[in-house]
Amino acid sequence: LMFRGAPWRCWIRDLSLGGAGLEPALPAALGHAVELTSPSFDFEGALPGRVVNVAERRTCVAFDLDLERLDTLARFLSAQIG
């Protein structure tokens with residue numbers, strides 16, 4: 001995760017077209033823009049979004065994706081299920 005121009009190592013616990021649940025919590029991040037990347041993604045580039053919730057152990061990100069990026073993520077998620 002890129003946060004304030006610096007990488008932040010985290011675990012992706014949930015991933016959907018709407019966003020992601022990440023662990024651990026990222027303190028003082030609510031409302032900040034972030035970019036999610038992973039070596040597991042089979043596509044290039046980051047998934048841009050905004051931190052919408054920070055709980056005790058989790059950071060929740062809502063994605064801000066254009067149609068092309070949304071399609072890329074949908075294809076990736078479909079490949080992981082089937």
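We number each residue from 1, following the sequence as shown.
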Could you pull out every donor-acceptor pair under 3.5 Å between side chains of residues 26-45 and any protein atom, sequence neighbours left out?
{"unit_1": "His32", "atom_1": "NE2", "unit_2": "Arg4", "atom_2": "NH2", "d": "3.1"}
{"unit_1": "Ser38", "atom_1": "OG", "unit_2": "Ser40", "atom_2": "N", "d": "3.0"}

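Glu56 and Ala25 make their closest contact through O-CB, 3.7 Å (heavy atoms, listed as atom of the first residue, atom of the second, distance). Heavy-atom minimum distance, Arg9 versus Pro24: O-CD, 4.4 Å. When all heavy atoms of Leu15 and Ala20 are compared, the closest pair comes out as CD1-CB, 4.1 Å.
Contact annotation: the side chain of Ile12 approaches that of Leu22 to within less than 4.5 Å [non-hydrogen atoms, C-beta and beyond]. No side-chain heavy atom of Leu47 sits less than 4.5 Å from a side-chain heavy atom of Phe76. At least one side-chain heavy atom of Pro48 sits under 4.5 Å from a side-chain heavy atom of Leu65.
Met2 and Trp8 are assigned to two separate hydrophobic clusters, defined by single-linkage of ILVMFWY side chains at heavy-atom distances under 4.5 Å. Residues Leu73 and Val52 fall into different hydrophobic clusters, defined by Ile, Leu, Val, Met, Phe, Trp and Tyr side chains chained together at heavy-atom separations under 4.5 Å.
When the salt bridge (charged side-chain N to carboxylate O under 4.0 Å, His left out) test is applied to Arg13, the partners found at least two apart in sequence or on another chain are Glu23.
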